[in-house]
Visitor: 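Got a structure here, written out as structure tokens. Questions coming.
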Amino acid sequence: MLGLVKRTSAWISKSAWAAYTARRSLVAPAVSSSPAWKLGRLNHVAIAVPDMAQASSFWKNVMQAEKVSDSVPMPEHGVYTIFVELGNTKIELLHPLGDRSPIAGFLAKNRQGGIHHICLEVADIAAALDTLKACGVRPLSEAPKIGAHGLPVVFLHPKDCGGVLVELEQRQ
């Protein structure tokens with residue numbers, strides 16, 4: 001079949017396959033050399049935990065973290081959070097809150113817990129979203145929501161970010 005390639009059990013056009021693979025590529029099209037937004041520091045690494053008390057105790061007593069917050073319910077996100085301050089960044093411990101928690105689904109697949117996402121700061125979250133969408137990166141929600149730090153956040157689809165769930169947080 002002229003101009004077609006077989007992928008799995010379906011035949012698709014070479015141009016459609018090229019567009020599909022380009023979209024899935026980690027090499028994005030070039031954007032302006034001086035973007036309207038700037039990628040900032042690593043804000044935190046989030047870890048889903050099946051037992052919040054055990055995880056908190058581990059970071060306090062075994063790892064000897066100096067500052068471990070109390071558990072805070074975040075019903076709008078379906079999680080309880082604890083932040084472990086590390087000086088140059090934080091660890092966010094996540095535990096499900098309610099039946100529809102995205103963390104409950106993660107823990108169903110990863111019973112021992114594990115790294116859930118990374119959070120990066122940006123100077124302008126709206127401009128970052130515009131640029132990333134133009135590069136084919138899909139946000140998991142159309143608009144930012146208010147996150148655990150009281151700042152706008154948005155999550156980016158892991159299939160568009162090298163298999164990593166990325167949270168962007170508006171820098172203060």
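Fair warning: this is a prediction, and the values are worked out from it, not measured in the lab.
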Visitor: When hydrophobic residues are tied together by side-chain contacts of less than 4.5 Å, even through go-betweens, does Ile103 share a cluster with Leu165?
Guide: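 Each belongs to a different hydrophobic cluster.
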Visitor: Give me the ring orientation class for His95 and Tyr80: parallel if the planes are under 30° apart, tilted from 30 to 60°, perpendicular past 60°.
Guide: tilted
Visitor: Checking Ser69 side chain against Ile82 main chain: does a donor-acceptor pair fall under 3.5 Å?
Guide: no
Visitor: Measure across Pro102 and Gly78 and return the closest heavy-atom pair with its distance rounded to 0.1 Å.
Guide: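 Closest heavy-atom pair between Pro102 and Gly78: CD-O, 4.4 Å.
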Visitor: Give, for atom CG of Leu42 and atom CG of Asn88, the distance between the pair rounded to the nearest 0.5 Å.
Guide: 8.0 Å
Visitor: Look up atom CD in Glu76 and atom CE in Met74, then write down how far apart they are to the nearest 0.5 Å.
Guide: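 If we round to the nearest 0.5 Å, Glu76:CD and Met74:CE are 4.0 Å apart.
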Visitor: Can you list, pair by pair, the side-chain donor-acceptor contacts under 3.5 Å of residues 52-61, counting residues two or more places apart and other chains?
Guide:
| unit_1 | atom_1 | unit_2 | atom_2 | d |
| --- | --- | --- | --- | --- |
| Ser57 | OG | Asn61 | ND2 | 3.0 |
| Asn61 | ND2 | Ser57 | O | 3.4 |

Visitor: Would you name the heavy atoms of Ala48 and Phe106 that are closest together and state the gap between them?
Guide: CB-CD2, 3.4 Å
Visitor: If the condition is side-chain hydrogen bond (donor to acceptor under 3.5 Å, both in side chains), which residues does His149 pass it with, not counting sequence neighbours?
Guide: Glu169
Visitor: For the residue pair Ser141 and Lys145, what are the closest heavy atoms and their distance?
Guide: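 The pair with the smallest heavy-atom distance is CB-CE, 4.3 Å.
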Visitor: Side chains of Leu151 and Gln172: closer than 4.5 Å at any heavy-atom pair?
Guide: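 Touching, per the 4.5 Å side-chain cut-off.
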Visitor: With rounding to the nearest 0.5 angstrom, report the OG1 to CG distance, Thr81 to Leu93.
Guide: 9.0 Å
Visitor: How about Val166 and Asp160: do any of their side-chain heavy atoms sit closer than 4.5 Å?
Guide: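 They are not in contact (no side-chain heavy atoms under 4.5 Å apart), so the answer is no.
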Visitor: Does the His44 side chain pair with the main chain of Ala46, one donor and one acceptor, at a distance under 3.5 Å?
Guide: no
Visitor: Any side-chain heavy atom of Ile47 sitting closer than 4.5 Å to one from Leu94?
Guide: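 No; the side chains remain at least 4.5 Å from each other.
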Visitor: Shared ILVMFWY cluster between Leu129 and Trp37, side chains joined below 4.5 angstrom?
Guide: yes
Visitor: Would a single hydrophobic cluster contain both Val137 and Leu168, if residues Ile, Leu, Val, Met, Phe, Trp and Tyr are joined by side-chain heavy-atom contacts under 4.5 Å?
Guide: yes
Visitor: Please report the shortest heavy-atom distance between Gln170 and Ala123, naming the atom on each side.
Guide: NE2-O, 2.5 Å
Visitor: For residues Cys119 and Val153, determine if any side-chain heavy atom of one lies less than 4.5 Å from a side-chain heavy atom of the other.
Guide: no
Visitor: Rounded at 0.5 Å granularity, tell me how far CZ in Phe83 sits from NZ in Lys90.
Guide: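 Answer rounded to 0.5 Å: 6.5 Å.
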Visitor: Can we say Glu121 and Arg41 salt-bridge, meaning some charged N sits less than 4.0 Å from an Asp/Glu carboxylate O?
Guide: yes
Visitor: Can you name the closest pair of heavy atoms from Ala148 and Glu92 and give their distance?
Guide: CB-OE2, 4.1 Å
Visitor: Does atom CD of Glu142 have more than 12 heavy-atom neighbours from other groups under 6.0 Å away?
Guide: no
Visitor: Just so I know, are the side chains of Leu156 and Arg138 near enough to count as touching, which here means a heavy-atom distance under 4.5 Å?
Guide: no
Visitor: Given 3.5 Å as the limit, does a donor-acceptor pair link the side chain of Glu167 with the main chain of Ile118, or not?
Guide: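 The answer is no, because no donor-acceptor pair under 3.5 Å joins these two groups.
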Visitor: Do other residues, nucleotides or ligands put more than 12 heavy atoms under 6.0 Å from the CD1 atom of Ile115?
Guide: no
Visitor: Could you report the tightest heavy-atom contact between Pro144 and Ile125, atom names first, then the distance?
Guide: CG-CG2, 4.0 Å
Visitor: Using the rule that Ile, Leu, Val, Met, Phe, Trp and Tyr join whenever any side-chain heavy atoms are under 4.5 Å apart, tell me whether Leu39 and Val154 fall into a single cluster.
Guide: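 Result: yes, single cluster for both.
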Visitor: Do Val68 and Val49 share a hydrophobic cluster, counting only Ile, Leu, Val, Met, Phe, Trp and Tyr and linking them when any side-chain heavy atoms are less than 4.5 Å apart?
Guide: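 Hydrophobic grouping puts Val68 with Val49.
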Visitor: Give a yes or no on whether the backbone of Ala126 and the side-chain of Asp124 come within a donor-acceptor separation of less than 3.5 Å.
Guide: yes
Visitor: Decide if atom NZ of Lys133 counts as having more than 12 heavy atoms of other residues, nucleotides or ligands within a radius under 6.0 Å.
Guide: yes
